Enquirer: 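Take this structure, written in structure tokens, and hold onto it; I'll ask about it next.
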Amino acid sequence: MLDPLLQTIPGGGMNTVFLLVALTLLTLAPAILILMTSFTRIVVVLSFVRSGLATQQIPPNQVLVGLALFMTLFVMAPTFQEVIDTALVPYNEGALTLDEALIKASEPLKRFMAQSTRQKDLQMFLSYAGEKRPERIEDIPLRALVPAFVISELSTAFQMGFMIYLPFIVIDLVVASLLMGMGMMMLPPVMISLPFKILLFVLVDGWNLVVWTLLRSLPYGASG
């Protein structure tokens with residue numbers, strides 16, 4: 001579909017339009033790739049950890065986003081490698097057309113996303129578009145799979161965030177009750193609970209526990 005179109009573009013104005021479209025796609029590519037990987041779940045859960053600790057901007061946003069990015073690259077490495085092996089390399093060698101390469105490249109990503117997408121989320125978008133659920137994962141349209149995947153990832157991340165928040169809430173309640181019982185109502189409970197939350201987080205090796213839980217909740221690769 002795309003290769004014949006590219007071959008028929010003569011020059012002049014059409015080349016300008018094609019260049020504009022290509023630049024637009026390149027601009028949107030990072031956002032599209034982020035939504036098609038595990039980045040959403042990881043960065044949301046890490047943000048919940050910081051909010052639960054109530055440490056304001058510690059760790060900074062750059063650290064959380066950087067950690068989420070490298071964890072995403074680690075988790076997605078087998079999927080990206082399959083995309084390179086089955087689509088990029090054959091296309092560079094001339095064995096595949098651009099259209100065929102794009103289809104081949106989308107298949108590992110579809111399999112990865114399908115493993116973490118809830119059935120009801122996917123069915124919602126397919127029903128809205130009046131389409132039946134395909135028998136093969138590779139036949140699911142990306143326009144339905146991607147938003148369903150993002151919603152599923154957000155739901156999972158919020159569930160994990162709730163579990164992360166619970167121990168911190170307990171500490172806040174205990175500290176607030178003690179301060180109220182001692183008549184120290186003018187003292188902000190956060191000032192007292194913050195060191196205890198940090199201490200608890202350090203004692204249980206919180207970052208290791210959170211990252212390990214995240215890794216175990218994510219599929220490693222596109223198979224399965």
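Not measured: the values here are computed from a predicted model.
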Enquirer: For the residue pair Met113 and Leu142, establish whether any side-chain heavy-atom pair is separated by less than 4.5 Å.
Expert: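 SC-SC contact between Met113 and Leu142 confirmed.
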Enquirer: Tell me who clusters with Met124, hydrophobic residues only, linked when side chains sit under 4.5 Å apart either directly or through other members.
Expert: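 Besides Met124, the cluster holds Phe125, Ile151.
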Enquirer: What's in the same ILVMFWY side-chain cluster as Leu203, cut-off under 4.5 Å, chained through other members?
Expert: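 Members besides Leu203, by chain and number: Leu199.
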Enquirer: Is it the case that one hydrophobic cluster holds both Val63 and Leu73, taking links as side-chain heavy atoms less than 4.5 Å apart, direct or via other members?
Expert: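 No, because Val63 and Leu73 fall into different hydrophobic clusters, even though each may have its own neighbours under 4.5 Å.
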Enquirer: In Å, rounded to the nearest 0.5 Å, how long is the span from CG of Leu218 to OG1 of Thr72?
Expert: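 Reported value, rounded in 0.5 Å steps: 8.0 Å.
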Enquirer: Rounded at 0.5 Å granularity, tell me how far CD in Glu153 sits from OG1 in Thr40.
Expert: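 Those atoms lie 6.5 Å apart.
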Enquirer: Check whether Lys110 reaches the backbone of Ile140 with its side chain - one donor and one acceptor, N or O, closer than 3.5 Å.
Expert: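 Checking the backbone N and O of Ile140 against the side chain of Lys110, a donor-acceptor pair under 3.5 Å is found.
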Enquirer: Give me the atom names and distance for the closest heavy-atom approach of Val44 to Ala157.
Expert: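 So the minimum-distance heavy-atom pair works out to CG1-CB, 3.6 Å.
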Enquirer: Do the non-hydrogen side-chain atoms of Arg111 and Glu82 ever get within less than 4.5 Å of each other?
Expert: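 Side-chain contact under 4.5 Å: yes.
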Enquirer: Looking at residues at least two apart in the chain, or sitting in another chain, which of them share a side-chain contact (heavy atoms from CB on, under 4.5 Å) with Val170?
Expert: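 Testing Val170 for side-chain contact (heavy atoms from CB on, under 4.5 Å), a comparison that skips the adjacent residues, returns Val174.
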Enquirer: For a quick test of reading the model, state the closest non-hydrogen atom pair linking Leu126 to Ala144 and the distance between them.
Expert: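 Reported closest heavy-atom pair: CD2-CB, 3.8 Å.
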Enquirer: Show me the pairs that pass side chain to side chain donor-acceptor pair (under 3.5 Å) and involve residues 200-217, at least two apart or across chains.
Expert: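 Side chain to side chain donor-acceptor pair (under 3.5 Å) check on residues 200-217 returns Arg41-Ser217.
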Enquirer: Using side-chain contact (heavy atoms from CB on, under 4.5 Å) as the criterion, list what pairs up with Asn61, not counting sequence neighbours.
Expert: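 Listed in chain order: Arg50, Gln57.
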Enquirer: Any idea which heavy atoms bring Val83 and Ala105 closest together, and the distance?
Expert: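 Taking every non-hydrogen atom into account, CG2-O, 3.5 Å.
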Enquirer: Just verifying a value: how many Å separate Ile171 CD1 and Ile198 CD1, rounded to the nearest 0.5 Å?
Expert: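 Here the rounded value is 10.5 Å.
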Enquirer: Cluster partners of Met163, using ILVMFWY side-chain heavy atoms under 4.5 angstrom, listed by chain and number?
Expert: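 For the cluster that includes Met163, the remaining residues are Phe162, Leu166.
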Enquirer: What donor-acceptor contacts under 3.5 angstrom involve side-chain atoms of residues 28-37, with partners at least two apart or in another chain?
Expert:
unit_1: Thr37; atom_1: OG1; unit_2: Leu33; atom_2: O; d: 3.2
unit_1: Thr37; atom_1: OG1; unit_2: Ile34; atom_2: O; d: 3.2
unit_1: Thr37; atom_1: OG1; unit_2: Phe39; atom_2: N; d: 3.4

Enquirer: Could you measure the distance from the CG atom of Leu145 to the CG atom of Asp121? Nearest 0.5 Å is fine.
Expert: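 If we round to the nearest 0.5 Å, Leu145:CG and Asp121:CG are 11.0 Å apart.
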Enquirer: Just wondering, do Met71 and Leu215 contact through their side chains at under 4.5 Å, heavy atoms?
Expert: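 Yes - at least one pair of side-chain heavy atoms lies under 4.5 Å apart.
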Enquirer: Return each pair, listed once, that meets side chain to side chain donor-acceptor pair (under 3.5 Å) where at least one residue sits in residues 155-165; pairs must be two or more places apart or across chains.
Expert: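 Checked against side chain to side chain donor-acceptor pair (under 3.5 Å) - neighbours excluded - the pairs reaching residues 155-165 are Arg118-Ser155.
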Enquirer: If Ile, Leu, Val, Met, Phe, Trp and Tyr residues are connected whenever their side-chain heavy atoms lie under 4.5 Å apart, and connections chain through other members, are Leu209 and Leu64 in the same group?
Expert: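 No, separate clusters.
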Enquirer: To the nearest 0.5 Å, what is the distance between CZ (Phe168) and CG (Leu53)?
Expert: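 It is 4.0 Å, given to the nearest 0.5 Å.
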Enquirer: By the salt bridge (charged side-chain N to carboxylate O under 4.0 Å, His left out) test, which pairs, at least two apart or in different chains, include something from residues 158-169?
Expert: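 Of all non-adjacent pairs touching residues 158-169, none passes salt bridge (charged side-chain N to carboxylate O under 4.0 Å, His left out).
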Enquirer: Where is the tightest heavy-atom contact between Ala87 and Ala101, given as atom of each residue plus distance?
Expert: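 Nearest heavy atoms, Ala87 then Ala101: CB-O, 3.4 Å.
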Enquirer: Give every residue pair that meets the salt bridge (charged side-chain N to carboxylate O under 4.0 Å, His left out) criterion with at least one member in residues 51-60, sequence neighbours excluded.
Expert: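 Every candidate salt bridge (charged side-chain N to carboxylate O under 4.0 Å, His left out) pair involving residues 51-60 fails, so no pair, neighbours aside, qualifies.
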Enquirer: Quick one: do Leu109 and Leu88 end up in the same hydrophobic cluster if we chain Ile, Leu, Val, Met, Phe, Trp and Tyr together by side-chain heavy atoms under 4.5 Å apart?
Expert: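 No; Leu88 is not reachable from Leu109 via cluster members.
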Enquirer: Of all residues at least two apart in sequence or in a different chain, which pass the side chain to side chain donor-acceptor pair (under 3.5 Å) check with Ser106?
Expert: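 By the side chain to side chain donor-acceptor pair (under 3.5 Å) rule, Ser106 matches no residue at all.
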Enquirer: Would you mind listing every ring-ring contact (aromatic ring centres under 6.0 Å, His included) that reaches into residues 62-90, with sequence neighbours excluded?
Expert: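 Matches after skipping sequence neighbours: Phe74-Tyr220.
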Enquirer: Under 3.5 Å, is there a donor-acceptor pair between the side chain of Lys197 and the main chain of Gly52?
Expert: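 It does hold such a pair.
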Enquirer: Supply the atom-to-atom distance Thr117 OG1 to Phe112 CZ, rounded to the nearest 0.5 angstrom.
Expert: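 Thr117 atom OG1 to Phe112 atom CZ measures 9.5 Å (nearest 0.5 Å).
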Enquirer: Should Val89 and Met76 be counted in the same cluster of Ile, Leu, Val, Met, Phe, Trp and Tyr side chains packed under 4.5 Å apart?
Expert: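 Val89 and Met76: separate clusters.
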